[in-house]
Amino acid sequence: MQLLTKHALISLILLTPSALAVTHVFEREPNNTPGEALSISAPVKVFGTMSGTDQDAYRWIVSDEDARKRWNLELQGLPGRLTIVEILRLEYADNGVDVLSKQSLMKLGSRDGRSPAVATNLLFEPGEYLLGFAFAGGPPSDGDGDEGGGGFFRPAVGTLGFTAGDETRTDAADAEQSSQATPPEGYSLAITAGEVLTVRKSPGGRQSQVEAQQHAAGHEFAAFEQLDVIWHKIEFAADSLEQVWDISAQVPVGRHLQGKLIDADGNTLATAASDTHGKLVFHDLTPIAAGFWLELSTRQPGAIQQIGSAAVRPRVEGSEAEPNNYWQLANRIDTVSPVTGGAADKSDADYFTFVVDEAFADQVISIHAEGSTALELCLLNDKGQNVQCRKSDAPVSLVDVVLTPGDWGLLVRGMQAETRYSLSFATQGPIKPGFEAEPNDTVAYANSMPHKNRIKGRFSSDRRDDVDHYRVFVTTEPQLWRLQAIGDGVTE
């Protein structure tokens, strides 16, 4: 890995509560226990620091109105360390301080603080939630921020939890953390409004297949449901029978939902259960003229339930399936098998979607498009928005890429007429602390500066289309700073 060799752009973003629409809250110690937790309400962005064996607590109050909305969570973790926020429901003693019991609803974890961890469109019931922050791992063992992994670099999210009562943390990651004298590092959590949810009046009934509530494919329905079993029917218009569909359902975080997909004769085609985010999905369904029935059951009635369906493109192997020239028509591909495709002219664009799992997220990867003429290759987020683009004579590559788990997309466009190409993924090895990773072309995807605010990087393109952004968490008292980028030909 070489030093910066072309140009470097360092972005400093100064955040003040008066300058932004979302309320900003800065932690105040002590806030290690539920009794010391600072109360917040969404939308909000929380900033804090942790070091040593510190943990931080916030009390999130969800109103009746907030419970009718969907919420996004974005955690920017401590650089070079596992950072988690655990969402819990607590039962207190009569004194309102001592914790009698706790229920862990979900965890959101940033494995190394390089990029934010995101959970989108979550539902929460009215009430009080404890947001517990904890961290583990440490800087590289040699202390220079360049090599090594500190033994517990990028530990799994499940190895760490927030202690809400008198119990002591005994996980191995915490033992390593406790043995090190670590300087304070910064984190942030943003809770912002998600997609609009319209909660309707429940029509009641619907406890058998013949009583199922009918829905047109492509629409969603949400209502406060008080029955333990509810049936729905998804009907498909004639022009939608040639498409592939996902059918989904959702309940608030902490609730459990079981789903059965059933045909007209009462045969169970598939089953699914909600995850810790309260969501379940039936993927890649080929519709039938009679439609699908969906039986939703729960042991915890008395909460909002949402169901929906969306047309998706089929999963392809070997060769693209046209039309896929719009994001809504993107082909689903995997990261194992190459895919071939073609563009008829300069205006023709091919869209693809793929999923990054936890194992793939632990690797530095590269994405290659090799073709007969010059190509443009773009990485897209889960909404089809450009994150990073490269243009060159074939082959064109996105290298040094580290992606968070979830849905991502690609765009391939030919620069000349009648372009043929192949699209493939490759691994470059495990993630190393102290080195820059793509994508970081924009402020939204800036890399966090690791231990000692030192990082090495490189430019992967001969053109001036590779710009690197870095995020610096300032946790010390006000002082003068020097920012320095060293490398041959660095100009900005």
Side-chain angles (χ1 to χ4, degrees), residues 1 6 115 312-357 359-361 363-429 431 436-442 445 457-468:
M1 183 73 73
K6 189 176 51 171
S115 301
V312 297
R313 291 297 295 168
R315 192 175 305 277
V316 299
E317 297 181 4
S319 180
E320 63 161 332
E322 293 283 0
N324 63 340
N325 54 332
Y326 294 99
W327 173 247
Q328 293 78 5
L329 302 176
N331 287 175
R332 291 184 177 184
I333 60 174
D334 59 40
T335 58
V336 178
S337 305
V339 174
T340 61
D345 54 49
K346 294 181 181 180
S347 63
D348 191 7
D350 292 338
Y351 286 86
F352 302 89
T353 64
F354 64 98
V355 176
V356 173
D357 58 18
F360 209 51
Q363 299 290 317
V364 181
I365 67 170
S366 55
I367 307 169
H368 307 282
E370 188 165 355
S372 55
T373 65
L375 295 169
E376 180 181 23
L377 175 62
C378 297
L379 177 68
L380 313 177
N381 64 17
D382 61 349
K383 296 179 176 59
Q385 301 164 334
N386 281 355
V387 174
Q388 183 180 88
C389 289
R390 297 289 182 264
K391 300 177 183 178
S392 77
D393 293 335
V396 58
S397 300
L398 305 177
V399 301
D400 303 337
V401 175
V402 175
L403 300 177
T404 54
D407 296 322
W408 294 86
L410 293 171
L411 164 66
V412 182
R413 195 195 321 267
M415 306 302 292
Q416 301 177 19
E418 298 183 5
T419 299
R420 298 295 303 174
Y421 63 85
S422 65
L423 185 64
S424 62
F425 296 79
T427 58
Q428 298 178 217
I431 296 169
E436 166 246 355
E438 302 289 347
N440 62 350
D441 286 12
T442 63
Y445 291 90
R458 71 169 179 173
F459 292 105
S460 58
S461 171
D462 294 333
R463 300 165 57 91
R464 295 180 62 86
D465 56 3
D466 188 1
V467 177
D468 294 336

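Here, residue 1 is the first one in the sequence, and each next residue gets the next number.
Heavy atoms only, all atoms of each residue included: Glu438 and Arg458 are closest at OE2-O, 4.4 Å. Between Leu423 and Ala369, the shortest heavy-atom contact is CD1-CB, 4.2 Å. Smallest separation of non-hydrogen atoms from Pro439 and Gln388: CA-NE2, 3.6 Å. The minimum heavy-atom distance linking Trp408 with Asn381 is given by the pair CE3-CA, 4.2 Å. When all heavy atoms of Phe425 and Asp334 are compared, the pair lying nearest together is CE1-O, 3.8 Å.
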Checklist entry - Can you check side-chain contact (heavy atoms from CB on, under 4.5 Å) on Ile365 and Leu403, steps first, answer last? => result CA-CA 8 Å; Ile365 67 170; Leu403 300 177; 4.2 Å; yes
Checklist entry - Run the side-chain contact (heavy atoms from CB on, under 4.5 Å) check on Leu410 and Leu379 step by step: do they pass? => result CA-CA 5 Å; Leu410 293 171; Leu379 177 68; 4.1 Å; yes
Item to check | Residue pair Asp357, Thr335: steps toward the side-chain contact (heavy atoms from CB on, under 4.5 Å) verdict | outcome: CA-CA 10 Å; Asp357 58 18; Thr335 58; over 6 Å; no
Next on the checklist: Apply side-chain contact (heavy atoms from CB on, under 4.5 Å) to residues Val356 and Thr404 and explain how you reach the verdict.
Outcome noted: CA-CA 7 Å; Val356 173; Thr404 54; over 6 Å; no
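No hydrogens or angles considered: a donor-acceptor pair under 3.5 Å links the side chains of Thr419 and Thr373.
Residues satisfying the side chain to side chain donor-acceptor pair (under 3.5 Å) criterion with Glu370, sequence neighbours excluded, are absent altogether. With sequence neighbours left out, the side chain to side chain donor-acceptor pair (under 3.5 Å) criterion links Gln328 to no other residue. Every side chain to side chain contact (heavy atoms under 4.5 Å, CB included) that Cys378 has, sequence neighbours left out, goes to Glu376, Leu380, Asn386, Cys389, Leu411.
For the atom pair Arg413 CZ and Asp350 CG, the distance stands at 10.0 Å (nearest 0.5 Å). Distance CD/Glu436 to CG/Asp400: 6.5 Å, rounded to 0.5 Å. To the nearest 0.5 angstrom, Thr340 atom OG1 is 5.5 Å from Arg420 atom CZ. Remark: Asp468 CG to Asp441 CG distance equals 7.0 Å, nearest 0.5 Å. Taking CG of Asn440 as the reference point, atom OH of Tyr445 lies at 12.0 Å (rounded to 0.5 Å). Taken from CG in Asn324 to CG in Leu329, the straight-line distance is 7.5 Å, to the nearest 0.5 Å.
By the 4.5 Å heavy-atom criterion applied to side chains, Thr442 and Val387 are not counted as neighbours. Taking the side chain as every heavy atom from C-beta outward, Gln428 and Ser366 approach each other to under 4.5 Å. When side chains are defined from C-beta on, Tyr421 does not count as touching Val396, because their heavy atoms never get closer than 4.5 Å. Using a 4.5 Å cut-off on side-chain heavy atoms (C-beta onward), Val399 and Arg390 make no contact.
Using bins of under 30°, 30° to 60° and over 60° for the plane-to-plane angle, the ring pair Trp327/Tyr351 lands in the perpendicular bin.
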